[in-house]
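As the structure is a prediction and not an experimental result, all values here were calculated from the model. Throughout, protein chains are lettered first and strands after them, A, B, ... in sequence-line order, and every chain is numbered starting at 1.
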Amino acid sequence: MQNATEHTGIITRVNGPIVEARGMEYAGMQEVVEVGELRLMGEIIKVRNGVATIQVYENTTGLRPGEAVHCTGRPLSVLLGPGLLGTIYDGIQRPLQRIAEVDGPLLLRGEKVPPIDFTKSWHFKPLCKPGDSLAPGHPFGEVQETQSILHSILCPPKVSGTIQTIVPEGDYDGNTTVCTIRQEDGTLQDLTMYQWWPVRVPRPVQEREPLLEPLLTGLRVVDAFFPIAKGGASAIPGGFGTGKTMTQQALAKWCDAQIIVYIGCGERGNEMTEVLREFPQLKDPRTGRSLMERTILIANTSNMPVAAREVSIYTGITLAEYYRDMGYDVAIMADSTSRWAEALRELSGRLEEMPADEGFPAYLPAKLAGFYERAGKVTNLRGTIGTVSVIGAVSPPGGDFSEPVTQHTSRFIRCFWALDRDLANARHYPAISWLNSYSEYLVEVAQWWKSKDHEWKTNRGELMELLQKETSLQQIAKLVGPDALPDSQRLVLLIADFIKNAFLQQNSFDEVDMYCSPEKTTWMMRLLVKFNHRAQALIQKGASLGEINSLEHLPRLLRMKSEIPNHDTAKMAELEQAISSDLDALERRLNS
Amino acid sequence: MKMPGLVYRGVRNIDGPLVFLDGIDGVAYDELVNIVAPNGEQRLGKVLDVTSHAAVVQVFGGTDGLSPADTRARFLGHPLEVPVSRDMLGRVFDGLGRPKDGLPLPLCKERRDINGLPINPYAREYPRDFIQTGISAIDVMNTLVRGQKLPIFSGNGLPHNRIAAQIARQAKLLNEKVDFAIVFAAMGVKNDVARFFIDSFEKSGTLHKVAMFLSLADDPSVERMITPRSALTLAEYLAYDEGMHVLVIITDMANYCEALREIATARGEIPSRKGYPGYLYSDLASMYERAGRLANGTGSVTQIPILTMPNDDISHPIPDLTGYITEGQIVLERDMSQRGIYPPVAGLPSLSRLMKDGIGKGRTREDHPHVASQLFAAYSRVKDIRSLASVIGEEELSPTDKLYMQFGKAFEEKFLAQGEFEDRTIEQSLALAWEMLHILPRSELLRVSEEELQQHYDTLTDASVVEKITQDAQ
């Protein structure tokens, strides 16, 4: 790394993760520097009169004024190429597995392990021949990264030209030049399978596309009630213990994106370990391959340095954009964006900036907007469609959604899954409230659902209406007791109960119930709606609530989520038949 | 460069626990400082902020009696360290790891930086070993596992200390014979509380495997910042170097956070909620995260921090941020305590996040997860029905709702409540749970499977339950 032109400065002040250094006239904003004798990694965030303010991504204990700061001349970047999938990185893309092999179980400082093992060989297949012209973002080769993911080797976004040489198909490592191109100005550019990209700069695309397809998550409350579109942005706010992480993990396991980037931002170390231990055992319901093969983990646990926490979500989204540029559907889980915002606040406080709401810096909304806007469905530079869906957890203090992070976030997302403390207390998971959540993607994705079940939208509307009605009836029932209500209203309470227990509540540890296919979801919705219609009609005809509640096959309706496998439509139809004949029998009895 | 031993005389400003030094050179961030008061008394401090010629030092012993002209400071060239050794078990220390029991410091091979180093998430082992505490409310509903951090959220006057002592006394693993070593850290608590724990350990004959770090209410408040870190440094050494299983009890985190706020205010930092600094979360996490297991090690650190919620308010920043970091919480309820229920573990807000993987087939019993879920669901229904009953009167409730009321009462008085020295096995606790569920009609139990109902519900007859309950009552 060291060369004659390297610029160095001298540390003048150390205050936690913020370091000031003088003699930094040549340092650029956002440039990466190596600080002190240990060469800790940092980034320049302010330059004034030759004094640079640096945020250091590692613990600064023992650093003293007078030590040197080395400039590297490049902005904070991530390395992109085959070998990313299945790995766990820290916030600045250091591979935690190899660090553990080198340093043991504790994270030492100043460690510089390259993000990807360059000595590992990949089987490269060229897609071009000498003489072909290569445009930015177009692939010139491909590598089978995992069994299910074909990794296109893309020309970096700002490079183009005519291919001079390209290697034949074969195994090459990361240091090998696999392709040489002559650029328009006549210079030659060597390309390896890897490229760097600055994390704070969104990767360019051709065009943004409308979001029309749902991101199927396997969670009924999301798919049926508050759907998110592929390329959409969603927030999960909830107080502690309401199941943010559990919901994020369930989404990471079962959503139908091809690549998952899971960012543990300021959260528990054990949670990352859990994902690391559990995902390799689980199978992707669509490809049958291990879930870990499609997952990249970024871990900045709550005891790791706070400055790296600020960067971790940018690292994550840049990796996501890279796979999007190949044409994949990528989903990114950021757990939790509040910790990221708090990292901003902490750094801002150390910089002695003027605080806005609750001590957060005034640029918090701008930063949040910049992050969520990197989600989207796009035509990438190579002309294919790729998506990045962002699902961010928010941890409002005291579970109070009026705090700045929740409020600002809700301005930049279109899907809001509010977690409810009472539901969580009753262990009703996922604890997504049907009263406070919303999804603006509903209109866009309704068309897609229509192809699965043309009544999807009316069924959804009806179930939602029942739940709304139940809420207002409950208020009356709380005053007079449910028994004082007429049977038709008590039926609403009963069916709302069915919707909650048999449909919305989902057991993530039950082998059948943990993932619900769109077919089964539409079946279940249809069954519940139909049952509601028939039962209401029977009540009108004089049936009592007790008679309806004691129908022989009713318990099967309540257990269908765990007792009928996802693709067993025959069993679903049979259940529909059984319930319907129960109701018929009751009707005959009433008529006679 | 570095010149340990160089003594600086004179300080510029003194403000609360902070001392501002001028004209210094080569001082490192977080370095330990020896402050010598005019009367010759020595106090330790650490560097909070340093520029080329000035430093801000936080003094652990307090700044009483320091004068700007006659105070001397010696920078020691290393961050704060505590000695660690197996021989520290059975001893009492102050917050900085200096013996407080009148005996000399045990022979220690090394001293360690109290801040520790973060554990690489890749090198962690996911905690899954069920710890039987013998308390039904914890074992069945909020299971503690080895390597977990599970705080007790309490209030003033609630029996959190007795519960912590009971856990320490009864904790055992089901299929392994292990002796837990106990590291106890007290910050700002009264002398009697420390006395209570010492007595309790003495009575159960475990005092020889307890190391205590005491920084009591009359010790300088700044020392509380160091106490839990000293204790955790020893715990980590015992767990990861000596392969022991360590239970760390820390009380009271509220006092720690107040000390933190004091320092932040003295430094003129921009406060966040209720005057606590914006980095309270990171700071708490740097301690709570020091629990766990390593993938290739035998030992473990299990943390049971105790915090008293100011005004019993769970949304106060201290319990709130703690709940976001720890793996669940045991919440104590004043109302239940007033009714004489011990332990007054609140049914609904308590939670153990690691429970799901520590229980079930091959760990506790196959039906355990479903039973727990059913108890939560039923008890939450009880709460709804109680508020209904308070409006319309108990007489007006439907027959099913009346059964729920009965269940609620039995659940609190028979299942949750138990003796301070009563050690129930998990089998006993689960059997008791089924007895409680048997009060409810079979059709209400949707969260347990049909087979489980057949095996555990149908085998109980109403008569046998009534008999059992009346027997217990006598």
Interface residues of residues 271-278 of chain B facing chain A - non-hydrogen atoms under 4.5 Å apart: S272(B), R273(B), G278(B)

Chain A neighbours within residues 351-359 of chain B, where any heavy atom lies under 4.5 Å away: L351(B), R353(B), L354(B), K356(B), D357(B)

When only pairs under 4.5 Å are counted, which of [options] shares the most heavy-atom pairs with chain A?
options                            : value
A123(B), S380(B), G323(B)          : G323(B)
L388(B), V50(B), V391(B), I325(B)  : V50(B)
Q148(B), R124(B), H53(B)           : R124(B)
Y324(B), Y288(B), Y379(B), Y122(B) : Y324(B)
Y126(B), Y29(B), Y279(B)           : Y29(B)

Between [X] and [Y], does any side-chain N to carboxylate O distance fall below 4.0 Å?
X       : Y       : answer
R290(B) : E236(B) : yes
R381(B) : D401(B) : yes
E31(B)  : R64(A)  : yes
R309(A) : E342(A) : no
D241(B) : R112(B) : yes
E58(A)  : R94(A)  : yes
R229(B) : D283(B) : yes

Sort [X] into side chain, backbone, both or neither according to what part of it lies under 4.5 angstrom from a heavy atom of chain B.
X       : result
L558(A) : side chain
N270(A) : both
E346(A) : side chain
I88(A)  : side chain
A299(A) : side chain
R268(A) : both
Q474(A) : neither
T60(A)  : both
L96(A)  : both
P397(A) : both
A424(A) : neither
R109(A) : neither

Cationic tip of R339(A) above Y281(B) ring, under 6.0 Å, 45° of axis: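 Yes - R339(A) lies over the ring of Y281(B), closer than 6.0 Å to its centre and within 45° of its axis.
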
Show me, pair by pair, the donor-acceptor contacts under 3.5 angstrom made by side chains of residues 10-19 of chain A, not counting sequence neighbours?
| from | atom 1 | to | atom 2 | distance (Å) |
| --- | --- | --- | --- | --- |
| T12(A) | OG1 | E20(A) | O | 3.3 |
| R13(A) | NE | D49(B) | OD1 | 3.1 |
| R13(A) | NH2 | D49(B) | OD2 | 2.5 |
| N15(A) | OD1 | R350(A) | NH1 | 3.0 |

Donor-acceptor pair between [X] and [Y] side chains, under 3.5 angstrom:
X       : Y       : result
E452(B) : H370(B) : yes
Q329(B) : S350(B) : no
Y429(A) : S508(A) : no
S315(B) : D320(B) : no
E444(B) : Y404(B) : yes

Trace of the side chain to side chain donor-acceptor pair (under 3.5 Å) decision for S312(A) with N300(A): CA-CA 7 Å; S312(A) 62; N300(A) 178 280; 5.6 Å; no

If we only count heavy atoms from C-beta on, is the [X] to [Y] side-chain gap below 4.5 Å?
X       : Y       : answer
Q505(A) : K500(A) : no
V371(B) : L375(B) : yes
K402(B) : P399(B) : no

Interchain contact, [X] with chain A, by part (heavy-atom threshold 4.5 Å):
X       : answer
E125(B) : both
E269(B) : neither
K383(B) : neither
I270(B) : side chain
R447(B) : side chain
L284(B) : neither
P369(B) : neither
T326(B) : backbone
S52(B)  : both
V27(B)  : backbone

Donor-acceptor under 3.5 Å (Q303(B) side chain, P151(B) main chain): no

Heavy-atom pairs under 4.5 Å with chain B - which of [options] has more of them than the others?
options                            : result
P396(A), S348(A), G264(A)          : P396(A)
E101(A), R277(A), M272(A)          : R277(A)
H428(A), R559(A), R421(A), M304(A) : R559(A)
E271(A), K478(A), E358(A), E563(A) : K478(A)
M246(A), E274(A), R345(A)          : E274(A)
P482(A), P305(A), G398(A)          : G398(A)

Smallest separation among heavy atoms of D510(A) and S562(A), with atom names: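 The answer is OD2-CB, 3.5 Å.
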
Residue list, side-chain contact (heavy atoms from CB on, under 4.5 Å) with L554(A), at least two apart or on another chain: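 Only F498(A), F531(A), N549(A), L551(A), L557(A) meet the side-chain contact (heavy atoms from CB on, under 4.5 Å) criterion with L554(A).
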
More than 12 heavy atoms of other groups within 6.0 Å of E450(B) CD: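 Check passes, neighbour count above 12.
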
Nearest-0.5 Å distance, OG1 of residue T245(A) to CZ of residue F240(A):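 It is 13.0 Å, given to the nearest 0.5 Å.
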
